[in-house]
Amino acid sequence: MVKFLDLGSQYRSIRSDIDAAISRTIEASSFIGGPDLRAFEPAFAAFQQSANCIGVGNGTDAIEIAIEALDLPPGSEIIVPANSFIASSEAVTRSGHRVVFCEHDPQTYTIDSADVARRITPRTAAIIAVHLYGQPCDMDALRALADQHGLRIIEDGAQAHGAEYRGRRVGAIGDIGTFSFYPGKNLGAYGDGGAIVTDNAALARRCRMIANHGRIAKYDHEFEGRNSRLDGMQAAILNAKLPQLNGWIERRNAVARRYLAELADVPDLVLPVTAPAVRHAYHLFVVRHPRRDALQAHLRERDVETGIHYPIALPDLDAYRAYRTPQTPTLASTTAATLLSLPMGEHLEDGDVDAVIAAVKSFGA
Ligand SMILES: *Cc1c(COP(=O)(O)O)cnc(C)c1O
């Protein structure tokens with residue numbers, strides 16, 4: 001069986017570090033805050049090449065808190081790619097703003113900056129740059145639009161820890177960046193977790209206060225915030241995993257290179273394209289095939305697990321029924337039925353990759 005995700009094998013490869021981290025947290029009763037959180041925040045800031053990091057409860061809260069900290073006019077329009085996970089748009093609505101969906105680039109699957117340009121109105125205040133599947137967005141193009149129209153850029157890096165755009169790690173390229181440590185992400189906790197990074201110290205301070213009941217010290221609440229914290233146990237686990245992350249991303253890239261080289265000639269199979277000057281984090285390796293369901297069934301029969309990211313484009317979800325207009329993006333809707341995510345991760349051995357390649361090649365042969 002070639003697994004799509006194998007958190008058990010990752011645990012077995014670093015078991016003593018993880019077990020020590022968990023017992024240390026319990027021994028010290030450092031469940032909220034504590035030394036591991038204090039160590040993790042600067043370590044993750046350094047990893048993402050950002051001046052500040054704030055641990056929060058999960059990746060969705062991270063986006064919501066980042067938007068709130070930007071203090072945009074209520075009811076602002078925020079542009080979000082139609083091809084993403086619902087968290088990217090949910091955080092916009094939850095913080096009192098309006099989602100405006102836009103198209104993605106059909107080759108890289110990240111936000112289509114030309115389409116973003118067409119959707120900017122006087123009410124537009126920000127863009128959510130989702131580094132989807134682990135590939136950085138075209139940040140230069142988005143920065144040019146943001147500068148021209150006075151917009152803020154929030155990077156949704158939930159799938160892109162360690163990814164780089166022109167040699168710079170994602171997160172603090174825009175105004176503020178958010179990450180998820182959901183267990184299946186490239187850097188995953190053993191429960192929920194998230195982080196916000198930014199080079200802007202005032203913005204960082206505001207995020208930290210929002211996430212912790214509007215306070216810095218114990219009972220001096222300057223405003224109402226909320227409770228969204230990265231807990232001590234998760235921080236300890238993330239500290240144990242962070243030194244491995246670069247190696248894991250390199251392994252993902254090695255697997256991707258083999259898929260790209262050895263599946264290049266498979267009829268009707270459309271492989272993903274890596275933009276120039278990026279380091280892709282390959283959270284997911286997403287291909288397209290006109291007979292996706294048959295290909296997925298064929299792989300399942302050969303013991304190869306796959307996924308679909310995402311089966312329904314955001315504008316087609318019931319949650320967004322009321323948003324649909326003749327201008328609603330269509331590309332994510334028309335391609336959703338062709339998307340297939342092949343197994344990807346540091347858990348894959350060379351033999352697993354061989355098996356995936358052979359199984360894909362034998363489809364329709
Ligand atoms: C996983 C994910 C999130 C949300 O993260 P959670 O920690 O699950 O809340 C946000 N955006 C994208 C693109 C994601 O993949």
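Hydrogens, waters and symmetry mates play no part in the numbers below; they use all other heavy atoms, side chains included.
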*Give the cluster check for I26 versus L238: same hydrophobic cluster or not, with ILVMFWY residues linked at side-chain heavy-atom distances below 4.5 Å.*
yes

*What about Y190 and F181, are their ring centers closer than 6.0 Å?*
no

*Test the R206-F223 pair against the cation-pi criterion, namely NZ or CZ under 6.0 angstrom from the six-membered ring centroid and within 45° of the ring axis.*
yes

_Between the side chains of E222 and R215, is the shortest nitrogen-to-carboxylate-oxygen separation below 4.0 Å, so that they form an ion pair?_
no

*Close side-chain approach of L142 and C137, heavy atoms under 4.5 Å*: yes

*Okay, side chain of H289, backbone of L340: is any donor-acceptor separation there less than 3.5 Å?*
no

_Charged N-O contact under 4.0 Å between E41 and R208_ = yes

_Please determine whether a side-chain nitrogen of the Lys or Arg among D175 and R152 lies less than 4.0 Å from a carboxylate oxygen of the Asp or Glu._
yes

*Closest approach of V286 and P272, non-hydrogen atoms and distance?*
O-CD, 3.5 Å

_Check ion pair R166-D140 (N to O, under 4.0 angstrom)_ = yes

*Do the side chains of V99 and I154 join up, straight or via other hydrophobic residues, at under 4.5 Å, putting them in one cluster?*
yes

*Salt bridge check: are D354 and R258 linked by an N-O gap of less than 4.0 Å?*
yes

*Would R279 and E250 pass as an ion pair if we require N to O under 4.0 Å?*
yes

*Can you spot which of T198, I65, I63 makes a side chain to side chain contact (heavy atoms under 4.5 Å, CB included) with T178?*
I63

*asked:* Tell me whether S23 contacts the main-chain N or O of D19 through its side chain, where contact means a donor paired with an acceptor under 3.5 Å.
replied: yes

*Please determine if R24 and D17 form a salt bridge, counting it only when a charged side-chain N lies under 4.0 Å from a carboxylate O.*
no

_With a 3.5 Å distance limit and no angle check, can you tell me whether S89 reaches the backbone of I86 through a side-chain donor-acceptor pair?_
yes

*Please assess H131 against Q159 for the test side-chain hydrogen bond (donor to acceptor under 3.5 Å, both in side chains), listing each intermediate value before the final yes or no.*
CA-CA 7 Å; H131 302 309; Q159 303 187 0; over 6 Å; no

*asked:* For the backbone of G171 and the side chain of E155, can you confirm whether one donor and one acceptor N or O come within less than 3.5 Å of each other?
replied: yes

*Hey, can you tell me if Y323 and F101 have their rings parallel, tilted or perpendicular (30° and 60° cut-offs)?*
tilted

*Linked, directly or transitively: V100 and I78 (ILVMFWY side chains, under 4.5 Å)*: no

*Okay, side chain of Q48, backbone of V170: is any donor-acceptor separation there less than 3.5 Å?*
yes

*Do you know the tightest heavy-atom contact between F4 and E305?*
N-OE1, 2.9 Å

*Residues T110 and D105: side-chain donor-acceptor under 3.5 angstrom*: no

*Does one hydrophobic cluster hold both Y282 and F47, with members joined at side-chain heavy-atom distances below 4.5 Å?*
no

*asked:* Looking at R169 and D199, is there a salt bridge between them, counting it only when a charged N and a carboxylate O are closer than 4.0 Å?
replied: no

*Using a strict 4.0 Å threshold on nitrogen-to-oxygen distance, state whether D316 and R321 make a salt bridge.*
no

*Indicate the ring-plane relationship of Y109 and H104, choosing parallel, tilted or perpendicular according to the 30° and 60° boundaries.*
parallel

_I'd like to know if E262 pairs up with K361 as an ion pair, taking the criterion as any Lys NZ or Arg NE/NH1/NH2 lying under 4.0 Å from an Asp or Glu carboxylate oxygen._
no

*So, N239 side chain and D36 main chain: donor-acceptor pair closer than 3.5 Å or not?*
yes

*Can you see which heavy atom on S333 is nearest to which on A313, and at what distance?*
N-CB, 3.7 Å

*Would you please name every residue forming a ring pair (Phe, Tyr, Trp, His ring centres under 6.0 Å) with H97, sequence neighbours left out?*
none

*List the atom of P290, the atom of T338, and the distance in Å for their closest heavy-atom pair.*
CA-CG2, 4.4 Å

